[in-house]
**Q** 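Here's a structure for you.
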There are 2 protein chains.
Amino acid sequence: MVASEQFGDVFAQLPADSFDKNCPTRPVMAQVTGRWGALIIAALVPGPMRFSGLHRHIGGISQKMLSQYLKSVVRYGLVERLVEPTVPPQVTYSLTPLGRSLAQQLCALLSWFHANTPALEAAQQRYDAADSPAR
Amino acid sequence: MVASEQFGDVFAQLPADSFDKNCPTRPVMAQVTGRWGALIIAALVPGPMRFSGLHRHIGGISQKMLSQYLKSVVRYGLVERLVEPTVPPQVTYSLTPLGRSLAQQLCALLSWFHANTPALEAAQQRYDAADSPAR
DNA sequence: CTGTATCCTCGGCGATACTG
DNA sequence: CAGTATCGCCGAGGATACAG
């Protein structure tokens with residue numbers, strides 16, 4: 001076999017049915033790997049946060065999208081929504097154990113991108129330069 | 001601090017600028033976390049594959065999307081495109097070292113979803129049942 | 001403060017047909 | 001076999017206004 005050696009058990013567990021078009025993980029994947037899913041989960045790693053806090057912390061997200069993604073992750077049991085019955089309503093979001101376990105994977109992924117940005121950018125420039133120098 | 005203990009160094013490396021709206025990783029993230037990005041990378045883990053092989057292996061993808069995503073990942077230096085100058089052209093795609101390193105993260109993520117599907121589905125049912133039983 | 005409702009735009013994506 | 005070209009749909013996502 002070709003490359004298994006370098007992967008240890010990660011490769012061994014590669015779920016073959018992920019490629020099935022009816023794989024039940026597809027909808028969840030779609031949310032988490034959606035534009036904001038990963039960032040929302042990651043933003044909650046340091047600790048619970050309020051709606052406005054998230055809105056401020058995650059650059060470029062709109063209220064609508066934040067609200068929508070939050071509803072999803074709460075529904076999937078990844079995030080817990082806590083409402084404090086004060087006069088100006090205070091809603092706190094925090095990771096559930098399940099969400100925290102997912103967050104580990106996502107943080108690893110974000111870190112990978114962070115660490116490899118130089119390599120990725122270099123590859124793009126090489127590609128663009130070789131392809132169409134005059135375009 | 002709240003939860004850092006459980007994360008070891010993964011949390012410590014949480015790149016704060018991932019939340020910046022101008023973070024250069026956003027476009028790459030968008031591709032990789034797009035609908036087909038992760039699956040394409042993951043599909044190449046076991047070994048090199050041809051265009052038609054990928055098309056067959058990844059359930060539900062169209063030629064157009066496969067072609068488009070492949071171009072992206074090649075551009076980012078994650079996948080190598082090898083053309084054999086035979087009469088019916090044979091093009092083989094394989095992971096670069098960079099791509100293989102990313103694949104580890106993605107496989108871990110796919111495995112996580114695979115392993116936690118029961119918990120996710122249970123959470124959904126609990127949520128839907130509590131929310132609107134009569135809808 | 002924490003959302004929800006509405007409108008609108010843009011581009012992801014699929015289907016189909018065609019080329020080298 | 002390995003794509004590219006073209007069309008059209010539909011839903012993600014943003015802006016704004018409004019509600020509890």
**Q** Let me know the distance between CD of A:Q90 and P of C:dG3, rounded to the nearest Å.
**A**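 Rounded to the whole Å, the gap is 11 Å.
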**Q** First locate atom OH of B:Y76, then atom CG of A:N116, and finally report the distance between them rounded to the nearest 0.5 Å.
**A**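 Going from the OH atom of B:Y76 to the CG atom of A:N116 covers 13.5 Å.
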**Q** Would you mind reading off the distance between B:H55 atom NE2 and C:dC13 atom P, rounded to a whole angstrom?
**A**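 The answer, rounded to whole Å, is 14 Å.
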**Q** Tabulate below the donor-acceptor pairs under 3.5 Å that side-chain atoms of residues 44-55 of chain B make, not counting sequence neighbours, or state none.
**A**
residue	atom	partner	partner atom	Å
B:H55	NE2	B:I61	O	3.2

**Q** Only pairs under 3.5 Å count here: list side-chain donor-acceptor contacts from residues 22-43 of chain A, not counting sequence neighbours, and write none if there are none.
**A**
residue	atom	partner	partner atom	Å
A:Q31	OE1	A:S72	OG	3.3
A:T33	OG1	A:M29	O	2.6
A:T33	OG1	B:T33	O	3.2

**Q** Would you say A:S67 reaches C:dT2's phosphate, i.e. side-chain N/O to OP1/OP2 under 4.0 Å?
**A**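 No, A:S67 has no side-chain N/O under 4.0 Å of OP1/OP2 on C:dT2.
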**Q** Which side-chain N or O atoms in residues 86-98 of chain B pair as donor and acceptor under 3.5 Å with protein atoms at least two apart or in another chain?
**A**
residue	atom	partner	partner atom	Å
B:T86	OG1	B:P88	O	2.7
B:T96	OG1	B:G77	O	2.6
B:T96	OG1	B:L78	O	3.1
B:T96	OG1	B:L98	N	3.4
B:T96	OG1	B:G99	N	3.0

**Q** Measure across B:G60 and A:K21 and return the closest heavy-atom pair with its distance rounded to 0.1 Å.
**A**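 Reported closest heavy-atom pair: CA-CE, 4.0 Å.
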**Q** To the nearest 0.5 Å, tell me how far B:Q105 CD sits from A:F113 CZ.
**A**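 B:Q105 CD to A:F113 CZ: 9.0 Å, rounded to 0.5 Å.
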**Q** Reading nucleotides 14-20 of chain C from the 5' end, what letters show protein touch, with B for base, S for backbone sugar-phosphate only, - for no heavy atom under 4.0 Å?
**A** BB-B--B
**Q** Once you round to the nearest 0.5 Å, how far does CZ of A:F19 lie from NE2 of B:H57?
**A**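 Rounded to the nearest 0.5 Å, the CZ-NE2 separation comes to 4.0 Å.
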**Q** Report the distance from atom CG of A:L54 to atom P of C:dT2, rounded to the nearest whole Å.
**A**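 It is 10 Å, rounded to the nearest whole Å.
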**Q** Does A:Y69 put a side-chain nitrogen or oxygen below 4.0 Å from OP1 or OP2 of C:dG3?
**A**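 Checking C:dG3 against A:Y69, no side-chain N or O comes under 4.0 Å of OP1 or OP2.
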**Q** Nearest whole Å is fine: how far is C:dG3 P from A:E84 CD?
**A**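 Rounding to the nearest Å, CD of A:E84 and P of C:dG3 are 13 Å apart.
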**Q** For a 4.0 angstrom threshold against heavy atoms of chain A, report the outermost contacting nucleotides of DNA chain D in 5' to 3' order.
**A**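 Taking any atom under 4.0 Å from a heavy atom of chain A, the span is D:dG13 to D:dG20.
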**Q** Please round to 10 degrees the angle between the axis of the first five pairs and the axis of the last five pairs in the helix from C:dC1-D:dG20 to C:dG20-D:dC1.
**A**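 Computed from the C1' atoms at both ends, the axes differ by 50°.
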